[in-house]
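Report on one structure; see the data block that follows.
Per chain, numbering begins at 1; letters A, B, ... match sequence-line order.
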There are 2 protein chains.
Amino acid sequence: MDHQIDDIDKKIMQLLQHHARMPISQISKEISMSQPSVKDRILKLEDKKIISEYSTVFNLRDLNRGTTSFILIKTEHCQELVDFCEGAREVTDLFRISGEFNYLIKVQTASVEELAEFQDSLVRIGPSKSHICLKNILENRVLL
Amino acid sequence: MDHQIDDIDKKIMQLLQHHARMPISQISKEISMSQPSVKDRILKLEDKKIISEYSTVFNLRDLNRGTTSFILIKTEHCQELVDFCEGAREVTDLFRISGEFNYLIKVQTASVEELAEFQDSLVRIGPSKSHICLKNILENRVLL
DNA sequence: GTTGAAAAAACAGAGGA
DNA sequence: TCCTCTGTTTTTTCAAC
């Protein structure tokens with residue numbers, strides 16, 4: 001069953017996207033719609049899982065994980081890699097991908113030295129290639 | 001100036017991470033601390049920008065952007081690439097990286113066909129290599 | 001850090017355009 | 001489907017300790 005997202009839904013989603021704690025009352029003002037209706041629409045978006053969660057974004061620099069890197073790895077020990085990554089604090093993202101390498105890992109470390117250590121711990125799983133991120137230009141942006 | 005994040009802060013952050021709209025009252029109950037104190041700590045985390053924002057995560061499948069891909073591109077027309085990506089709805093992430101390729105683009109399209117179209121529009125900027133994501137195993141996870 | 005009272009916001013219905 | 005109006009509950013805020 002498909003949910004039709006109309007322009008009003010879109011406006012609400014745009015407001016919530018970067019201000020998830022915004023009160024219904026304020027959303028109501030901004031889009032000139034009554035609070036019950038706004039609440040109703042948000043509930044529907046949540047029920048249909050169009051809104052999958054409200055999350056809090058932390059400044060990774062303050063958590064000593066300000067260095068972003070991407071590691072491409074080729075391995076036959078898939079489960080081992082997945083288990084390893086799930087347990088590793090440095091790993092924020094893991095994708096099974098097509099191509100020469102079969103996994104892409106996004107890693108947040110305190111420094112490039114720590115990245116080297118992390119990559120060292122991957123050698124027994126398979127050959128890898130790392131790209132240090134010099135600048136995060138866009139991140140996690142969804143245009144509605 | 002450095003902010004010392006203690007265990008109580010960490011607990012609050014863990015609760016907020018995937019439930020950004022959780023009321024102070026509930027956080028207060030869960031960690032057995034008075035509401036004003038919880039509120040006070042959250043305000044400090046916000047002021048110090050340790051909490052950088054509260055965001056809403058959408059189900060990209062419902063937005064007709066359920067296919068994740070990564071494109072590595074090598075170009076000398078950096079500004080052109082950045083401008084192009086900022087204007088492209090498909091692009092959610094863009095990183096300047098080290099290595100043979102100098103940019104990594106994360107793309108969300110409706111299908112692989114749409115990915116092909118997108119990659120076609122990049123040819124004039126530079127040679128690129130794309131990896132279709134077959135499975136999103138971990139995404140945007142921060143272990144505190 | 002706590003308590004407790006005042007203010008503000010969210011919720012739940014009913015009735016109607 | 002959306003609105004307004006209402007009362008009720010919950011949450012937030014802010015004082016004093």
Under a 4.0 Å threshold between the charged nitrogen and the carboxylate oxygen, would [Y] count as salt-bridged to [X]?
X: A:Lys106; Y: A:Glu90; result: no
X: B:Lys10; Y: B:Asp6; result: no
X: B:Glu80; Y: B:Arg124; result: yes
X: B:Lys48; Y: B:Asp9; result: no

**Residues from residues 19-33 of chain A lying under 4.0 Å of DNA chain D - heavy atoms** = A:Met33

**Request:** Return no unless some side-chain N or O of A:Arg41 is found under 4.0 Å from OP1 or OP2 of D:dT1.
**Result:** no

**Request:** Establish, with yes or no, whether the OP1 or OP2 oxygen of D:dC2 is under 4.0 angstrom from a side-chain nitrogen or oxygen of A:Ser37.
**Result:** no

Between [atom2] of [N] and [atom1] of [X], the distance in whole Å:
X: B:Gln35; N: C:dG1; atom1: CD; atom2: P; answer: 14 Å
X: B:Asp40; N: C:dT3; atom1: CG; atom2: P; answer: 15 Å
X: A:Gln4; N: D:dT1; atom1: CD; atom2: C1'; answer: 15 Å

**Request:** Output the single nucleotide from D:dT13, C:dC11, C:dG13 whose closest atom is nearest the side chain of B:Lys39.
**Result:** D:dT13

**Complete:** Residues passing the side chain to side chain donor-acceptor pair (under 3.5 Å) test with A:Lys135, sequence neighbours excluded, are none

**Asked** Going by heavy atoms in the side chains, are B:Val107 and B:Thr92 under 4.5 Å from each other?
**Response** no

